Amino acid sequence: MIIRIINSAADTAMLCLFLILLALGIYAVWDTRSVQTAASGDVFEQYKPTAEDNRNFEDFRRANPDVFGWLTVYGTNIDYPLVQAEDNEKYLNTAADGKHSLSGGIFLDYRNKNDLSDFNSIIYGHHMEGNVMFGEIGRFKETKYFDSRQYGSLYCGGKYYGLEFFAFLEVDAYDSRIYQPGVTGEEAQQEYLNLIRDEALRYREIGVSEEDRIILLSTCTSDITNGRHILVGRLTHTPEENLFREETERGQGLLADFSVKTLIPVIAAAGTVLILVLIIIFLKKRRSR
């Protein structure tokens, strides 16, 4: 009798344990999807300025004065409002609407001028799975990806500028040679351009000079210790035509949902369910003897 009670208690404990694991697995899936959804550019799409109408964008700016522009990288899901704070900490966990968010915002270095008049301006964003925020910057390390996505646009001061990307770097987060916004002096600016060329994993010769203004898009990477990936572009007066259709861009986001890292919690939850089913079958057979 005592043995049966002990066995029954053990069976109940095992079932409770696996139910807890199942619940944790389901929560992990839900949490991952929630963070990715909150970080999607679709959240702010209604505020994106157009050549015909920027009223919604101006309303958005009035709600959060830190908003000053809009960044788009053609052929990716990078399509977000730009913000700038008094430091580089605020928008690590604050969205462009000013609300707390684990995905943060896409923000300009606080040391730069937000009219983008500096020789070099640095913009930061989190590297995230699901092709959201700056999660796709690392893909420019691939030759085909770098070669096929050369352009973007940047809205600032009531005008759209073009972006022509020419370099991709993998550097240390503490490399002060790279992370020095607003370089001044022709000699120092040329040295900075030479440094970008020398450090680049991918480089495209477009004739960039110290007379240009360049934009660096920076995000984290686990490829090296304290690693950062940087996509570098030249600011131009007129944007190129975006040859990537919206359907293609949305398709990339959907495919990203099935990346290995994103699937880990799904696999964990499915495995837990399978184990739970096997345990229940085993216990039923045991009790029927």
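Worth knowing before you read on, the calculation uses all heavy atoms, side chains too, and leaves out hydrogens, waters and symmetry mates. On a predicted model such as this, the values are computed, not experimentally measured, just so you know.
- Classification of the Tyr161-His237 ring pair by plane angle, with boundaries at 30° and 60°, yields tilted.
- Side-chain rings of Tyr124 and Tyr91 stay apart, their centers remaining 6.0 Å or farther from each other.
- Pairs of residues two or more places apart, or lying in two chains, that qualify as salt bridge (Lys or Arg N to Asp or Glu O under 4.0 Å) and include a residue from residues 98-120 are Asp109-Arg111, Lys113-Asp118.
- For the residue pair Tyr110 and Asn88, the shortest heavy atom distance occurs at N-OD1, 3.1 Å.
- A salt bridge (Lys or Arg N to Asp or Glu O under 4.0 Å) check over residues 191-208, counting only residues at least two apart or in different chains, returns the pairs Arg177-Glu199.
- No side-chain heavy atom of His127 sits under 4.5 Å from any side-chain heavy atom of Phe134.
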Please tabulate, for the side chains in residues 208-217, all donor-acceptor contacts under 3.5 angstrom to protein atoms that are two or more places apart in sequence or on a different chain.
unit_1 : atom_1 : unit_2 : atom_2 : d
Ser209 : OG     : Glu211 : N      : 3.3
Asp212 : OD2    : Ser209 : N      : 2.9
Arg213 : NH1    : Leu116 : O      : 2.8

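- More than 12 heavy atoms of other residues, nucleotides or ligands shown are found within 6.0 angstrom of CD on Gln180.
- Put simply, the side chain of Leu82 reaches to within 4.5 Å of the side chain of Ile123, judged on heavy atoms.
- More than 12 non-hydrogen atoms from other residues, nucleotides or ligands lie less than 6.0 angstrom from CZ of Arg62.
- Side-chain contact annotation: Asp97 with Tyr47, donor-acceptor N/O pair under 3.5 Å absent.
- The ring pair (Phe, Tyr, Trp, His ring centres under 6.0 Å) analysis of residues 178-201, with sequence neighbours excluded, yields no pairs.
- Remark: Phe119 engages no residue in a ring-ring contact (aromatic ring centres under 6.0 Å, His included) (not counting sequence neighbours).
- For the ring pair (Phe, Tyr, Trp, His ring centres under 6.0 Å) test with Phe44, the passing option among Tyr80, Phe60, Phe57 is Phe60; the others fail.
- Applying the ring-ring contact (aromatic ring centres under 6.0 Å, His included) rule to Phe168 yields the partners His229; only residues at least two apart in sequence or on another chain are considered.
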